[in-house]
Amino acid sequence: MARYTNLFVSVLPANNLREALPDVLQNCGLHLVYQDGDYMMAKEPPGMVSYSQLATVEVLIGSTDETELVAQDPAATVNLVVKNEELPLKINNHCHRIFQLVNQAIASKAS
């Protein structure tokens, strides 16, 4: 099972990031499957790759403790997980490409 993770701090407040992320995921070709407060799950639609290569993206949004003391709208932390059932036999596999795509899209929106 391929699994790639990233944790970064956004300059956007958590509320603004929550509103922007569904569009970001959709622009990456993913369908939002579940959204509840600070958690989102999106999946790749079937048809382009085999079922074992279909990527699942999970995004968890939190706030940093340090920024809560300084600002009224604290910056958000974003925990990103991209995974699929594919064995990562090569460094440049489908799951890693989806991870890079989503990671760059979220990072550009969050900065």
Side-chain angles (χ1 to χ4, degrees):
M1 174 186 230
R3 182 183 182 104
Y4 300 94
T5 63
N6 191 14
L7 176 68
F8 56 90
V9 178
S10 166
V11 295
L12 290 177
N15 289 336
N16 294 1
L17 195 58
R18 269 185 222 103
E19 294 171 2
L21 276 178
D23 291 334
V24 170
L25 294 172
Q26 187 176 15
N27 290 339
C28 291
L30 303 166
H31 293 287
L32 195 61
V33 176
Y34 181 77
Q35 181 177 5
D36 183 26
D38 295 336
Y39 177 79
M40 292 178 201
M41 178 188 280
K43 291 191 175 191
E44 215 177 350
M48 300 301 287
V49 294
S50 67
Y51 280 103
S52 65
Q53 292 180 323
L54 291 175
T56 300
V57 177
E58 297 180 31
V59 181
L60 182 63
I61 304 167
S63 60
T64 57
D65 295 334
E66 297 84 25
T67 57
E68 286 181 12
L69 300 174
V70 179
Q72 288 181 330
D73 290 332
T77 58
V78 178
N79 189 355
L80 172 66
V81 178
V82 179
K83 59 187 176 181
N84 69 5
E85 297 299 320
E86 166 186 36
L87 290 175
L89 300 176
K90 296 184 247 176
I91 293 174
N92 187 18
N93 57 57
H94 180 73
C95 188
H96 190 258
R97 288 190 296 271
I98 297 296
F99 170 74
Q100 288 178 322
L101 175 70
V102 173
N103 193 32
Q104 290 173 355
I106 292 174
S108 67
K109 191 66 168 182
S111 58

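Worth knowing before you read on, the calculation uses all heavy atoms, side chains too, and leaves out hydrogens, waters and symmetry mates. None of these values were measured; they are calculated from a predicted model.
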Legend entry - Identified side-chain contact (heavy atoms from CB on, under 4.5 Å) counterpart of Pro22 within the set Val59, Asn27, Leu30, Leu32: Leu32

Legend entry - Gly62 versus Ala14, closest heavy-atom pair with distance: O-CB, 4.5 Å

Inset, instruction - Any chance you could measure Leu80, atom CG, to Glu58, atom CD, to the nearest 0.5 Å? - result: 9.5 Å

Inset, instruction - Using modelled atom types only, decide if a donor and an acceptor are shared between the side chain of Gln53 and the backbone of Glu86 within a distance under 3.5 Å. - result: no

Inset, instruction - Take atom CD of Gln26 as the centre, draw a 6.0 Å sphere, and report whether it contains more than 12 heavy atoms from other residues, nucleotides or ligands. - result: no

Legend entry - Short side-chain to backbone donor-acceptor contact, Asn93 and His96, under 3.5 Å: yes

Legend entry - Nearest heavy atoms of Cys28 and Ala105, plus distance in Å: SG-CB, 3.6 Å

Inset, instruction - Could you tell me whether the side chain of Asn6 reaches within less than 4.5 Å of the side chain of Phe99, counting heavy atoms only? - result: yes

Inset, instruction - Can you establish whether the number of heavy atoms outside Met1 located under 6.0 Å from its atom CE is more than 12? - result: yes

Inset, instruction - Please confirm whether the backbone N or O of Ala20 pairs with a side-chain atom of Asp23, one donor and one acceptor, at under 3.5 Å? - result: no

Inset, instruction - Find the distance between CZ (Arg97) and NE2 (His94) and round it off to the nearest 0.5 Å. - result: 7.0 Å

Inset, instruction - Taking all heavy atoms of Pro13 and all of Ala76, pick out the closest pair and write down the distance. - result: C-CB, 4.3 Å

Legend entry - For Cys95, the option from Val49, Thr56, Val82 that meets side-chain contact (heavy atoms from CB on, under 4.5 Å): Val82

Legend entry - Reported CD1-to-CZ distance for the pair Ile106 and Phe8, which is rounded to 0.5 angstrom: 5.0 Å

Inset, instruction - Kindly compute the distance separating CG (Leu54) from CD (Glu85), expressed to the nearest 0.5 Å. - result: 10.0 Å

Legend entry - Distance in Å, Leu12 CG paired with Glu19 CD, rounded so as to fall on 0.5 Å steps: 10.5 Å

Legend entry - Side-chain heavy-atom pair Leu21, Gln35 within 4.5 angstrom cut-off: no

Legend entry - Which atom of Arg18 lies closest to which atom of Gly37, heavy atoms considered: CD-O, 3.2 Å

Legend entry - Interatomic distance, Thr5 atom OG1 to Arg3 atom CZ [nearest 0.5 angstrom]: 7.0 Å

